[in-house]
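Shown next, in C-alpha cells, is the structure this report addresses.
In this chain, numbering begins with 1 at the start of the sequence shown. Treat the numbers as computed from the prediction; the structure is a model and nothing was measured. Counting convention: from 1, in listed order, for ligands and their atoms alike.
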Amino acid sequence: MTSLALTGIGALVTCDASIGLGPLGIVERGALVCEDGRVVYAGPEATAPLGVDECVDVAGRCVMPGFVDSHTHLIFAGDRAAEFVARMAGGTYEPGGILATVAATRAARPIGLEYSARKLMRLAVASGTTTVEIKTGYGLDREHEASHVALARRLTPEATFLGAHVVPPEFAGDRSGYVQLVCDAMIPAAAGVARWCDVFCEAGAFDVEESRAVLEAGRRHGLGLRVHANQLGPSGGVALACELGAASADHCTHLTASDVDDLASSGTVATLLPVSDFCTRQPYPDGRTLVDAGAVVALASNCNPGSSYSISMPLVMALAVRECGLTVDEAVLAATRGGAAALRRDDIGIFAPGARADALLLDAPHPQHLVYRLATPLVSRVLKDGTWTGPSAREPT
Ligand code: NIG
C-alpha cells in the first residue's frame, strides 16, 4: 500500500458542492490524501489523516481534479494545415477532408501512429488532462480499424470505434455496402476491445437511418454509444442519440428547441467542442441555453488534424466561457465532472472518497486563472492514480 498526502493547499477544488464552498466545492487550506491511487480524504487540513508514506507541502497552490477529455481522434498521420489556412481565408470545412487523413494514416507504420498518439497524450498531461477518450476513424477498412482499435485500447480504457466516420473511397459507389461492413464485420471485431461505438451523423457523412443501423449494431455487440451530432447543421443526430440512450451527443453546434429539450430530459450529455468551431469558422454552440435547460454539458478538445488540432483543455474552457456562454465555474465542471459523465464514469473529475487520485497542482490560486491567463501553462504537477506523472514528475514543488 502506498499513501500520499498533499498539504498546504490554498484552494482545494473538489468539484463536489457537498464537500466545500460554491459550485466547485472549494475547501480553503485543504488537504488531499490518497491511498493506492484512490482519494481517501479531501477536506480541511486540520482534520486530515496525515500518517502517510509521503507528504508534500504544495506551498499554497490550488489543487483540482484532472481534466477528462471525452472526445479525441489521436490516431492519425500527417496534418491538414493547408485546409486550415484556406478556411481562415474564407473557405468552408468539408467532411470529405477526412479522406486525406485516411490516406496518410493507412500509409503510416503502426509504430509511427503509436509514437505520435503517445506524444499528443504527453502534451495532454502537461496541460492537465488525466483521462482521454480516443476514437479510431482514419482506417476505415477491416484491417486498419482493427489495428487502430487495439492501439486506442492500449492507450486508454476509453477506446471508441468510429468506423462510420465517412464512407471510404473504395465504397464511394456503395454506401450501404460500407454500412453493412461496419455493422456485420468491423463492429463485431471491435467488441471486447473498444468500450464505445461512435458515428458521424451529418450531411457528407452518415444520415440518420445509416447512423441508427451502426449504433444499433454497436449496442447489440455490447458497446456504449456516442454520436457526432449537429456539427455542421441540424442533422438529426442529437435526437437519435437521445432516443437510443447514447452517453453523449458531441458538437451540438446547430440545435433546435426540441434537441435542447431532448438533451435536458435524457441521460445523454451535450459535449461541446469549441476549438473545432473556432478552427472551422462555425458558429459556437449555445452552452448557456443547454445549462439553463438542465442538460449536462461536457467540454472536450476533439483533437484531430482536420477540425481541431489542439489538445489543450484550458483553451477549450476559455472558448466555452467567451463564446458558448458558460461561467468559469461551469466550464471547470464541464471539463472535469461533465467529461466524466460523458464517459459514464463517477470515479474521475471529482475528489470524493473512492475517486481516482488524478490531480493537478496549479501555479495559481484558483482555476479561474486557467481561463483568465489565456495560453499560460499553469499546471505545475500532475498526479495520475496517485503517482506523479508528466514532464515535471520529478521536479520539486
Ligand atoms: O469531430 N466530425 C468528425 N470528426 C472530426 C473531424 C475529423 C477531421 O476533419 O479529420 C470532428 O470534428
Side-chain angles (χ1 to χ4, degrees), residues 69-88 91-106 108 113 116-117 120 132-140 144-145 148 152 160-169 182 196-207 210-211 214-215 226-238 240-241 246 248-254 269-285 298-311 315-316 319 339 342:
D69 189 350
S70 62
H71 184 136
T72 80
H73 306 249
L74 300 189
I75 301 173
F76 64 86
D79 68 69
R80 301 198 335 251
E83 266 183 34
F84 174 81
V85 170
R87 281 199 301 275
M88 294 305 112
T92 52
Y93 173 78
E94 301 295 341
I98 291 169
L99 292 177
T101 301
V102 171
T105 306
R106 285 179 177 177
L113 293 178
S116 60
L120 286 166
V132 67
E133 179 264 15
I134 300 179
K135 301 176 197 301
T136 69
Y138 295 117
L140 307 190
H144 288 99
E145 282 296 318
H148 299 172
T160 299
F161 168 72
L162 179 59
H165 201 183
V166 286
V167 174
V182 168
W196 303 101
C197 177
D198 198 341
V199 61
F200 186 11
C201 181
E202 198 74 48
F206 296 90
D207 67 23
E210 292 165 336
S211 300
V214 169
L215 294 167
R226 328 185 63 74
V227 184
H228 279 68
N230 301 47
Q231 175 185 9
L232 306 171
S235 66
V238 165
L240 181 67
S248 178
D250 297 46
H251 283 286
C252 297
T253 305
H254 296 272
V269 171
T271 300
L272 313 184
L273 312 166
V275 179
S276 16
D277 305 303
F278 176 92
C279 292
T280 58
R281 298 178 72 109
Q282 284 282 303
Y284 288 91
L299 295 173
S301 73
N302 190 19
C303 182
N304 77 80
S307 65
S308 183
Y309 202 170
S310 167
I311 199 153
L315 172 62
V316 173
L319 287 174

Notebook entry, point to check: Would His165 and His73 count as a side chain to side chain contact (heavy atoms under 4.5 Å, CB included) if you check the C-alpha gap in whole Å, the side-chain angles of each, and the deciding distance to 0.1 Å?
Noted result: CA-CA 11 Å; His165 201 183; His73 306 249; 3.9 Å; yes
>> One pair to check against side chain to side chain contact (heavy atoms under 4.5 Å, CB included): Lys135 and His228. What are the steps and the verdict?
In response: CA-CA 11 Å; Lys135 301 176 197 301; His228 279 68; 3.6 Å; yes
message: Apply side-chain hydrogen bond (donor to acceptor under 3.5 Å, both in side chains) to residues Asp277 and Thr280 and explain how you reach the verdict.
response: CA-CA 5 Å; Asp277 305 303; Thr280 58; 4.8 Å; no
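Distance from atom 2 (N) of ligand 1 to its nearest protein heavy atom, with residue and atom name: Gln231 OE1, 3.0 Å. In terms of protein heavy-atom proximity, atom 1 (O) of ligand 1 is nearest to His251 NE2, 2.9 Å. Among protein heavy atoms, atom 11 (C) of ligand 1 sits closest to Asn302 ND2, 3.2 Å. For atom 5 (C) of ligand 1, the nearest non-hydrogen atom of the protein is His73 NE2, 3.7 Å. Closest protein heavy atom to atom 9 (O) of ligand 1: Tyr93 OH, 2.6 Å. Given atom 12 (O) of ligand 1, the protein heavy atom at minimum distance is Ser307 OG, 2.6 Å.
Between Arg80 and ligand 1, at least one N/O pair is under 3.5 Å apart.
The distance from atom CD1 of Ile98 to atom CG of Leu140, rounded to the nearest 0.5 Å, is 8.5 Å. Atom CG of Asp69 is separated from atom CD1 of Ile134 by 9.5 Å, given to the nearest 0.5 angstrom.
Residues passing the side chain to side chain donor-acceptor pair (under 3.5 Å) test with Ser310: none are found, sequence neighbours excluded. When the side chain to side chain donor-acceptor pair (under 3.5 Å) test is applied to Ser211, no partner is found at least two apart in sequence or on another chain.
The contact set between ligand 1 and His165, taken as ligand atoms under 4.0 Å from a residue heavy atom, comprises 3 (C), 4 (N), 5 (C), 7 (C). For ligand 1, the atoms lying closer than 4.0 Å to a non-hydrogen atom of Phe200 are 2 (N), 3 (C). Near His71, meaning under 4.0 Å from one of its heavy atoms, ligand 1 places the atoms 1 (O). Interface atoms of ligand 1 facing Tyr138, defined by a heavy-atom separation under 4.0 Å, are 7 (C), 8 (C), 10 (O).
In this structure, Phe76 has no heavy atom closer than 4.0 Å to ligand 1. At a 4.0 Å cut-off, not a single heavy atom of Glu202 sits close enough to ligand 1 to count as contact. The shortest heavy-atom distance from Ile98 to ligand 1 is under 4.0 Å.
No donor-acceptor distance shorter than 3.5 angstrom exists from the side chain of Glu83 to the backbone of Arg80, with no hydrogens or angles considered.
Asn302 and His71 share a side-chain donor-acceptor pair at under 3.5 Å.
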